[in-house]
Amino acid sequence: QVQLVESGGGLVQPGGSLRLSCAASGFNLRYYTIGWFRQAPGKEREGVSCLSTTKSSSHYADSVKGRFTISRDNAKEMMYLQMNSLKPEDTAVYYCAASLGYRDNCATLLASDFQKWGQGTQVTVSS
């Protein structure tokens, strides 16, 4: 079965950290650009971060730059999002996704360019 299974969401206090994981199955993740998206209530889905197949290039939304880190382990078919210094405005449902092919700049990708999606996991930042 072709799927992405996400885990690691939960409740965290402002300033805290959380690590999201996403496990791929049924396809070779190493051939896919990976990305993380999030959607807050009443807001459109936005791109958070992306990483190339070779890990040679990455992109972060301005709102998370310096706080979030995207990574991947192709051998383990895993992708991660390390979130530090979390803020209440980071509260959202987070989705992992994979887009087939190499990208010089993954920031140009649209959500519609991602063929594989996780089910989403809730991240709530509150005191």
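In the displayed structure, Lys43 atom NZ is contacted under 6.0 Å by at most 12 heavy atoms of other residues, nucleotides or ligands. By the neighbour-count criterion of 12 heavy atoms within 6.0 Å, atom CD of Gln13 is sparsely surrounded, having that number or fewer from other residues, nucleotides or ligands. Within a 6.0 Å radius of CD in Glu44, no more than 12 heavy atoms belonging to other residues, nucleotides or ligands are found.
Its side chain outside the 4.5 Å cluster rule for every partner, Leu110 clusters with none of the Ile, Leu, Val, Met, Phe, Trp and Tyr residues. Connectivity analysis of hydrophobic side chains (ILVMFWY, heavy atoms under 4.5 Å, direct or indirect) links Phe37 to Val93, Tyr95, Leu109, Phe114, Trp117. Members clustered with Met78: Tyr80, by chain and number, using a 4.5 Å side-chain heavy-atom cutoff among hydrophobic residues.
Between Pro88 and Pro14, the closest side-chain pair of non-hydrogen atoms falls below 4.5 Å. Using a 4.5 Å cut-off on side-chain heavy atoms (C-beta onward), Arg38 and Leu81 make no contact. The closest side-chain heavy-atom distance from Gln122 to Leu11 is not below 4.5 Å. Residues Tyr94 and Gln39 fail the side-chain proximity criterion, which asks for heavy atoms closer than 4.5 Å. For the pair Gln82/Ser71, no side-chain contact is recorded, criterion being any heavy-atom separation below 4.5 Å from C-beta on. Considering only heavy atoms from C-beta on, Gln1 stays 4.5 Å or farther from Phe27 through its side chain. Side-chain contact between Leu20 and Phe68 is absent, with no heavy-atom pair separated by less than 4.5 Å. Between Asp90 and Arg67, some side-chain heavy-atom pair lies under the 4.5 Å cut-off.
The minimum heavy-atom distance linking Leu100 with Gln115 is given by the pair N-OE1, 2.7 Å. Across all their heavy atoms, Thr108 and Asn105 have their closest contact at OG1-O, 2.9 Å. Contact between Thr91 and Val125 at its shortest, heavy atoms only, is OG1-N, 2.9 Å. Nearest heavy atoms, Leu51 versus Ser57: CD1-O, 3.4 Å. The shortest heavy-atom contact between Arg72 and Ile34 is CB-CD1, 3.5 Å. When all heavy atoms of Gly47 and Ala61 are compared, the closest pair comes out as O-CB, 3.6 Å.
Take Asp113 and apply the side chain to side chain donor-acceptor pair (under 3.5 Å) test, not counting sequence neighbours, and it matches no residue. Checked against side chain to side chain contact (heavy atoms under 4.5 Å, CB included), Asn28 has the following partners two or more places apart in sequence or in another chain: Arg30, Tyr31.
Looking at Glu6, its side chain never comes within 3.5 Å of a backbone N or O of Gly118 through a donor-acceptor pair.
Atoms OG1 and NE2, from Thr33 and His59 in turn, are 13.0 Å apart once rounded to the nearest 0.5 Å. To the nearest 0.5 angstrom, Lys65 atom NZ is 8.5 Å from Ser49 atom OG.
Under the 6.0 Å distance and 45° angle rule, Lys116 does not count as a cation-pi partner of Tyr32.
Sorted by first and then second residue, the disulfide bond (SG atoms under 2.5 Å apart) pairs involving residues 26-99 (not counting sequence neighbours) are Cys22-Cys96, Cys50-Cys106.
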